[in-house]
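Per chain, numbering begins at 1; letters A, B, ... match sequence-line order.
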Amino acid sequence: MSRDLLALAIALVLAAAAQDLLPGLPGTPLKLPFLTGIAAYYALNRPVPVALLAALAAGCLTDGAGGLPGGCTSVFLLLAGLGLRPLKRFLLDGSPAGVSVACAGLALLQAVWQTAWVRLALPGGAWQVVGGYALLLPSGAIAGAAAGFGAGLLDRWAGNVRPREEIRERGC
Amino acid sequence: MKPPRYWYWLLALGLVVAMAAWLRTDGLRGARELVYPFENAATWLRRHVAAPVAAACRRAGQTGRVRELETEVQRLRLDAVRLEAVAAENRQLRAALGFAPPPGCRSVPCPVLAGSGTTGWERMIRLGKGRRNGLRPGDPVLVPDGLVGRVERVTADSADVRLLSDANSRVACELDPPPAGLSAVRGVLCGGGGRAAGGGDLKLLFVLDPLRLRYLQRDAEPAPRTRVVTSGIGGVCPRGIPVGYVLGSSADPYGLYREADIAPAADLDGLALVFVLVQIAPPAAAPRTVP
């Protein structure tokens, strides 16, 4: 349990630091959604209570470090964690590529959710707003891939997942 | 695989804590405290590592840039010197373009090849044209500013010119205008030549004396800066070619004549292109036929 929880904590802290320190997307106040990627990874790879706990923590970190009202992102990520479960089969069983695709979609929906929650619009004209949202798709994919890869490494270190060769050798 | 039960407890605890935090105004400040060390570390790295490295790189780049600029300045200085020479040549050629020879003469432009010959005793220059171009001994040599000298020796393709400043140079001149009350004041312009500086001892310094206008009428005292022109007497030089300007005058040792120091009108040391005045041969008279 301790290693599992430690892996989750490390993943969340590193993702929060990366999201906080890296510059925002050009022309928008949005940032690379690494915490959303962590939530997506846990939603696609881990049991429901772990996924929900990760989504709750990722949402709290996003809101707390991002100046959003409490519950704004946490509620969204909790709902997203539940909603992604049925799509696990279509998202390559939680591989980094699947996490990347899931994170791209979640990043876009999360931005819409946040702007609706705080009743604020993205700055600029209509095309700039559309461009800003559209930019979230590739940036979400990149952040999701990075988060999925990093969280996967931590999971292997914690012993939660095993390489396929090892499973074949041990017959378990 | 069913997850252990403690995950449910953790989730429940997390939800309770989160909801409690949501209800407070600044309940999520822990998140900011969590990322604060990373922000602090990033700032420290930016200030103490990235900034010095960037400054060192910038300094290295600036050193190279300074070296480039110094090279560029040297090149531009050389260009400026070269352009000064070109501008001086341009001025000289423009003046030469406006030079018109006296009536009955044509001017032959000649490049100056060398000065003083193989020894420095005579004040001579060598021209790059000679007999083939119509030059003859005695022809006057001048520049737009005034007379320079006369052709002394001629070969097929070169000519030696004795300058006015040579001690053996003699040119018939007159004052222009003559002093009041006189129709003309004429004399013979003699070259000052050169002499070693100081008395008797051999010195490296060599002084050129000014030209001397001799045999002037004793009572005709020319004002300083009076122009001196060729008088045309003797038929060697056409009349009216500027020669120099009076610096001062005095009676000769015997009191018979007056002598004047003359500054040459032309710069005799910086000659590059000169004109030789060649007299145009008068057309041969048609043979008279007797009916």
Next item on the list: Check whether any side-chain heavy atom of A/Leu5 lies under 4.5 Å from a side-chain heavy atom of B/Leu10, and answer yes or no.
Entry: yes

Notebook entry, point to check: Is chain B contacted by the side chain of A/Leu52, its backbone, both, or neither, given a heavy-atom distance below 4.5 Å?
Noted result: both

Notebook entry, point to check: Can you say whether A/Leu78 sits under 4.5 Å from chain B via the side chain, the backbone, both, or neither, judging by heavy atoms?
Noted result: side chain

Notebook entry, point to check: By a 4.5 Å heavy-atom criterion (distance strictly below it), what part of A/Leu21 contacts chain B: side chain, backbone, both, or neither?
Noted result: side chain

Margin query: Counting only non-hydrogen atoms closer than 4.5 Å, can you tell me which residues of residues 34-65 of chain B sit against chain A?
Written below: B/Leu34, B/Val35, B/Phe38, B/Glu39, B/Ala42

Next item on the list: Anything in residues 140-150 of chain A with a heavy-atom distance to chain B below 4.5 Å? Please list those residues in order.
Entry: none

Checklist line | Choice from A/Asp20, A/Leu61, A/Val48 maximising heavy atom contacts with chain B below 4.5 Å | finding: A/Asp20

Checklist line | Leading residue by heavy atom contact count with chain B [cutoff under 4.5 Å; candidates A/Ala65, A/Gly71, A/Ser74] | finding: A/Gly71

Next item on the list: Could you name each residue pair satisfying side-chain hydrogen bond (donor to acceptor under 3.5 Å, both in side chains) that touches residues 60-70 of chain A, not counting sequence neighbours?
Entry: A/Asp63-A/Thr73

Margin query: At a 4.5 Å cut-off on heavy atoms, which part of B/Leu15 comes close to chain A: side chain, backbone, both, or neither?
Written below: both

Item checked: Contacts of A/Gln110 that satisfy side-chain hydrogen bond (donor to acceptor under 3.5 Å, both in side chains) - sequence neighbours left out -> A/Thr36

Note to self: Only pairs of heavy atoms separated by less than 4.5 Å count here; which of A/Ala57, A/Ala18, A/Cys60 has the most with chain B?
What the structure shows: A/Cys60

